[in-house]
Structures are given as C-alpha cells and as structure tokens.
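Sequence lines set the chain letters: A, B, ... in the order given, protein chains first and strands last, and positions in each chain run from 1. What you are looking at is a predicted structure, and each value in this text was computed from that prediction instead of being measured.
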Amino acid sequence: MKKVLLMLLVIVASITLFSCGDKESERTEITFWHMSPVGDVSYSSVKQLITDFNDSQELYFVKGVGFSFWDYWDKINVAVASSTAPSIGLSTIDDVVSRAESGVIYNISDLMAADTSGVNTLDLSEFRQSQMDFATYEDDLYAMPFSATTRALFYNLDMFEEMGLTEADVPTTWSELQTIAKMFDVQEEDGTITRIGFDPTYGDTTYHGWLWQAGLDFFDEDLNPTLNTPEHLEVLNWILDFNEDFTRTQLTAFGEANAMLGVNPFTSERVAMIVSNDGLYQTINTSGADINYGVAAIPVPDEDGIHVCWGSGFSLEMYDNGDNTDAEVAGAYEFYKYLLSESVQLKLGESLGWLMSHISAMETYVEGDPILETLLGEVDYAMDKVYVPYAPAWHASDWQTYYTQIMDGDLTPEAGLLAARNHYLQKQENYNTLNE
Amino acid sequence: MKKQTIGSLKQLRKKENRMGYLFASPWLIGIIVLGAFPILASFYISFTSYDMSSAPQWVGLKNYIILFTNDDVFWKSLWNTIYHVVIAIPLGLIVGIILALLLNNKIKGMSIYRTLFYLPCVVSIVAMSLLWMWLFQPQFGIINEVLSPIYNLFNMEPILWLQSSSTSKITLILMGLWTAGGSMVIYLAQMQDIPTSLYESAEVDGANWIQKTFRITLPLMTPSIFFNFIMGIIGGFQVFTIAYIMTNGGPAQSTYYYAYYMFDKMMSDQAMGMASAMAWILLVIVLIVTMFALRLNNKVVYLGEEG
C-alpha cells in the first residue's frame, strides 16, 4: 500500500514540476476554436495569425484549436451546453439571438463601450448592417459577422459559345433561364441524362431562395407558417415544371450520379448553369478545372422579381462559461478585435478562401478578379434566413421531407404545402406548450 | 490467541478489500460517471424543456404527452423502426442459418469461405455504406447494370433503390444481410457441438439431409438462434448509422428511424428534454419486446433433456 501511495506521489509531483517554468503559462490563456484543423491547407496561415498575436502580447496567450467543418458544430454545441466553451469561437449568425437570450455569449456592445484603450477598436461602419442585425438582441450586439457568403449564377462560357451564345445572353429572368437552359439538354437513347442546362433544385438553390425573389416567405412576421398560398404554389410549380421534358426519376438519377462521382456538376461540365455559393470559386481553383466561366446575379421572376439571394456567414462570439476571469474576458476581447481588424480579415480571406465580413479588406481582396468582384457585389443582396425557435432546422430536415415528396410525385404540390404547413403548426404548438 | 487470529484475519480481509476497491476504482468510477450519471441525468432531463444553452425548465410529463399525442414524426419514425425490426431480424436469422448450414461441410478450403463470409463484419460501417451506395446507384451502379436486361424486357425504369421512398427501407435491410456472417459464426460454433452420434443414428434410420437438418441440427441450434434473435431485436430498435450515412433519413422520411429522430430532436431542434424522453420510451419498448421474446425461451428453445 505504501509503495502504491509513494508511486502516486511521485507521478503527481512530476506532473507538477514539468508544468512549471513555461513562459506561456505566466500569461492568461485564451482559447480560440476555428475550422482549420491540422492537415488543412489553411492550418499554417491561421496558426501564423495566432502566433503573430501571441508575439505581440505580454499579458495574453491564445491557444488555437481547429476542427473540421463537419465536426465543429457538435463540439461547439456540446461545449456551450456544458459550460466548457472556448473563449472565442465561430457559430452561425442567424441564431445569435438564441444564444444571447440564454446568456451564453458576451454582450459585445458592452465590451466596446468599456474599451477605452483606443487601440484597434471595432469600426462598425466596416461591417454590413444586414449581418449585424442578426447579431443584435435587445438593441445590443452579441456577436460580430466574421465571414459573409452569397449565392450567384455560375455559367459556363465555353458551353455558351458552343450554342452560339455570349455573355450578353446570360439569363436575368426565370423565363429566359428556362429558354436558354433547354438548349443544353442532352440525353442518351436509354434515357440517361448526360447534360442539362439548369435545374432549380441543383447546386445551392433552395425553395425559400426562389420564394424570396418572388416577394414571398415561409413565415410571417410573427413566425407563423404561411407557405400554402396560391403564390407559393406558383413558385413550387415553376420549380417542378422547369425540366418537364425529363421524368423526376431521370433527374434524380442524374443528380445522384453527380454526388456519387464526387464531382461538381458545373466543374465537370454536366450542367451549363448552376446556382452556387462563393465556395464554388475556390472549388474550381483548387480542382484545377480548365473552364471558362462567369458569374451573375440569380435570375428573378419576370414580373416584380426581387434581386435577393440566401447568404449567411459565420459569427464571431465570445462565450461566457460563468467562471471567466476579468483577465480572460479582456484578453479574449483583444484577440476578438484582432480577428476583425482589416489586415487580419484580408489575410484570413486569402488563406481560408472565404469572403470575410470586413468590407474594405474584401474590396482589396477581390480587386482585379472579376469573378470575385461580382461575388462580393452579390453579398450586398444577400439575406439570411430567419431563426425560428420552434423549428431551428425549418429550411432543412423539416422542409426537405415534403419537398422531396412533392418532387418525387408522392404528394401533389397543394397537398405537400398543406402538409408542410401543418407540420410547422404542430411544432409551433408543441414548442408553445413546453415554453408557456 | 484465538481472538488475535480472528482480529488479524479481519484486518487482512479489510486490507484485501481496500486493495480490491483501489484496483477496481477506474472501472467503478467509469461506470458511475460515464454510465449511471448520464442515465439518471437523462431521466431527469426527460421531464424538462432543455435547449442545451439555458437551464432546464421542469415541465413534468409534457414531453411524453406531446410525443404520444401530437407528434406525427414520432409515430412515423417508430413505424419505420418496427418495419425494420420485423423484416430485418427474421431475414437476418434465416440468411445466417443458411450460410452456417452451407459452411458446415468438410470440403477443401472451408476456412477460407468462412473467413470470406465473416469479413464484412470487420469492415467499417462507413466504408460498407459507401460501397453499397455505389452498388445501388441507379444510373451506373452494378446492381442496376446487372438488372438492365430485365428493365429493357419489361420496358420499365430502373429501380431507384435508396432514392425512392417505396424501396429505400427494404434496400437498407437487404444491405444489412451482407453482415449475416457475424451470426453465422455463432451458429457454426453450436453446430460443431452437436454430437455426430445423433447424425449417425439418423443415417442408420435412413434419414436424408433435410430430415437431419430439421430434426437434429435446427432444434439443437435453437439456443444460439434465440440469442441472435434477442440481440437482433435490441440492435434493430437502435438502427441509425446506415440511414444517417446513406439516406439522411430520406427520401420522404422513409428511412427516418426512431434513433435518427431522437438525434435530430437533440441536434437540430435543440430539444434535449424531448430527446431524453424518446430515449426512455425506446428503453421501455425494447424491454417489453425483449420480455415477450424471453417468454418464448421455454417453448421454442431446446434446453436439454429433462431428468
């Protein structure tokens, strides 16, 4: 027994001694979770930015931890729930309000007001109000936009040329889109589609995105579902009938083949036009695809169409675990400002390949690149989806069930929209029952 | 002298107990912290409204009442799961038994065949799912390639397998049969235990292969069949991974199993209280089904000759 206790004592003493004498441990440690894990192409750049900050600090030391995009969300959700969240992390900007309401993130307006250093202060005029509105709760900012995304129409100029078309023929309305798209459709004798011009369900298109262009939405101002009006039905029928020359089986098989082959249908020239987010620009660059293409605003309805697209972005948040010291909060805020400064935002844009939220930094970043310039221009027309407490995934799993059944012909558009509305109403009722 | 001996024995026993607890402590701490605590915590949370960022709010039985009375997806996911259990488990048993019967022969290279059939069980479920997604791919998957003459003959469109709500559930069940080699090993082990004298006696009586199989082999295999049946039921109700990887619960929620809905309740809807209630309902369902299944034990399982 004595020997066992002695051994335990030696182990504890060794651990204690080894952890002493580190210069970094004398500084207040700040943790930052990001999406550039070891092995990622952007890992070195992000690490260098953190190192640069640490080298400039005497009081604070930032420890960066990178997770892949797919792992990140579970990690951060669990960490926030268990009060073990990092000092600073990324999240989705559309639901900042829910975290602000729960008190798990710091009030950035308060931190800005208390910041009298005058050094590297946050310049709110460099960030889009449309994004900051989503990060505002009871008139205070609880997060800042970190990046910005947008969606646009990517068109293949080589394929346009093959059909005798030029950039002047790039569609701007839904009817033009349908007319031009049909020119590119090719199918084999056995019915296998080998190429299509466009499909309103491919790429990063969403039903709510098309609705917004027609001045419609899923919910009213009080977040009641309003999605089975004749106008909604009209948009849904337009999507459904866009490629009426093909059966849904053909289109599903074609789309599935693209997914299984692991190829982007646009870069592999299986579609002539596609709606995608700005990430496609990076995909084309990194894949080395040799295609001549352009980018334009997504075509809008012929009458009273609204130039709008679904765009979002990551928010930069400071997490309150309930036991953060003043030094930790002060240090985290220093690093927070550093991450949102113009020079760092520019470097982040270059290394991550994302459009960042800092307006001036991004104007410098896109200069001389017409594709990026257009994409950045489209950010100004980007609108984020509303956060619905009773159905946070209203646009995803909730809606997709009905959307798929309508597309597959298992439900008529009328029945599908009614069923979807009833589903949201049921969720709303249950949520209210639990939270009354 | 006698008292001293008893006292020192007690001390020795205490010392031994202390050391025993010390060495078992990692396991004991593990089961309390990682096992008992989460189970009890989930039971408490099931009576709360908890979004994982605010403090849980006590709501009594509301989560359970909502699930049973006003949640269509709950019933749909439960139906999908029961469908899976009712078809996949018996089918898996039959395929496993057939494989075991086929591989219970003394022919050259039998160990290689047995290994080959068991091999899918050691393949990562993610890799296996991706492989079968390729095989079932409607446009260029090998299964539709093989079936294409039939499609042409009857002038029909290719089956969409995982992409159609009418075929997705059965496609996942068919895919699951690929791992029947796991139960096959258990059946084989029991088959090898059957005394050869029984077969010899049957042969003397003129029994053929079918008679020997149904009168000797299968009755004596019932303990292992029953074991696989019970384990299959428990595992079947927890089906999740294949749907998560291959179909995302779709199309049209046709493969949206109970465990998947529970996962979404927690991660997508941020309704940890509701998800915990679902976990406890599942536990009760599995307990009830297993209890009924265990009642069959005395009726269908051969437990040896009495007396």
Side-chain angles (χ1 to χ4, degrees), chain A residues 1 4 73-74 77-78 80-83 85 95 98-99 101-105 190-193 247-250 252-261 389-394 396-398 400-408 410-411 416 419 422-423 426-427 429-431 433-436, chain B residues 15 18-19 22-23 48-55 57 59 62-63 65-67 69-74 76 130 133-134 136-141 144 148 151-152 157-166 248-254 256 260-261 264 266-274:
Chain A
M1 188 66 184
V4 174
W73 304 106
D74 289 350
N77 285 337
V78 171
V80 170
S82 57
S83 297
D95 57 354
S98 71
R99 289 183 291 281
E101 197 177 8
S102 304
V104 294
I105 51 177
D190 64 358
T192 305
I193 302 172
T247 64
R248 189 45 56 180
T249 306
Q250 282 178 292
T252 305
F254 180 70
E256 170 66 13
N258 294 326
M260 283 307 300
L261 288 167
Y390 64 81
W394 63 265
S397 51
D398 286 317
Q400 284 304 319
T401 306
Y402 303 97
Y403 195 42
T404 314
Q405 288 183 85
I406 295 165
M407 289 299 141
D408 288 347
D410 296 336
L411 284 175
N422 289 338
H423 171 71
Q426 190 178 59
K427 289 194 93 160
E429 187 188 342
N430 291 341
Y431 180 85
T433 305
L434 286 173
N435 296 280
E436 62 196 3
Chain B
K15 195 180 172 185
R18 271 204 302 272
M19 289 305 282
L22 182 69
F23 280 103
T48 67
S49 171
Y50 180 40
D51 66 0
M52 295 197 287
S53 51
S54 316
Q57 301 294 319
V59 294
K62 279 182 184 172
N63 283 323
I65 293 167
I66 286 171
L67 284 169
T69 61
N70 200 33
D71 190 336
D72 299 340
V73 184
F74 170 81
K76 189 168 191 175
L130 291 173
M133 281 167 75
W134 274 90
F136 281 123
Q137 209 289 324
Q139 207 173 22
F140 53 75
N144 270 2
S148 61
Y151 297 144
N152 292 336
E157 285 202 325
I159 298 171
L160 289 177
W161 300 109
L162 295 165
Q163 270 71 56
S164 166
S165 54
S166 56
N248 287 322
Q253 290 184 329
S254 57
Y256 201 46
Y260 201 153
Y261 185 43
D264 271 355
M266 183 180 71
M267 302 308 291
S268 299
D269 285 357
Q270 296 155 12
M272 187 63 129
M274 194 78 83

Would you say that [X] contacts [Y] through its side chain, given a criterion of any heavy-atom pair below 4.5 Å between the two side chains?
{"X": "Lys427(A)", "Y": "Asp269(B)", "result": "yes"}
{"X": "Asp51(B)", "Y": "Ser98(A)", "result": "no"}
{"X": "Gln426(A)", "Y": "Asn70(B)", "result": "yes"}
{"X": "His423(A)", "Y": "Asp72(B)", "result": "no"}
{"X": "Gln270(B)", "Y": "Asn77(A)", "result": "no"}
{"X": "Asp408(A)", "Y": "Ser165(B)", "result": "no"}

Counting heavy-atom pairs under 4.5 Å to chain A, which of Thr48(B), Asp71(B), Asp264(B) comes out on top?
Asp71(B)
Pick from Ala252(B), Gly249(B), Gly250(B), Gly141(B): which one has the most heavy-atom pairs with chain A under 4.5 Å?
Ala252(B)
Segment of [X] engaging chain B (4.5 angstrom heavy-atom cut-off):
{"X": "Thr247(A)", "value": "side chain"}
{"X": "Glu429(A)", "value": "side chain"}
{"X": "Asn422(A)", "value": "neither"}
{"X": "Ser102(A)", "value": "both"}

Inter-residue atom distance [X].[atom1] - [Y].[atom2], 0.5 Å rounding:
{"X": "Asp74(A)", "Y": "Met267(B)", "atom1": "CG", "atom2": "CE", "result": "3.5 Å"}
{"X": "Thr69(B)", "Y": "Asn430(A)", "atom1": "OG1", "atom2": "CG", "result": "7.5 Å"}
{"X": "Ser254(B)", "Y": "Gln405(A)", "atom1": "OG", "atom2": "CD", "result": "8.5 Å"}

Between [X] and chain A, with a heavy-atom cut-off of 4.5 Å, which part of the residue counts as in contact: side chain, backbone, both or neither?
{"X": "Gln163(B)", "answer": "both"}
{"X": "Ser49(B)", "answer": "side chain"}
{"X": "Tyr50(B)", "answer": "side chain"}
{"X": "Met272(B)", "answer": "neither"}
{"X": "Gln253(B)", "answer": "both"}

Tightest non-hydrogen contact, residues Ile66(B) and Leu434(A), listed as CD1-CG, 3.8 Å
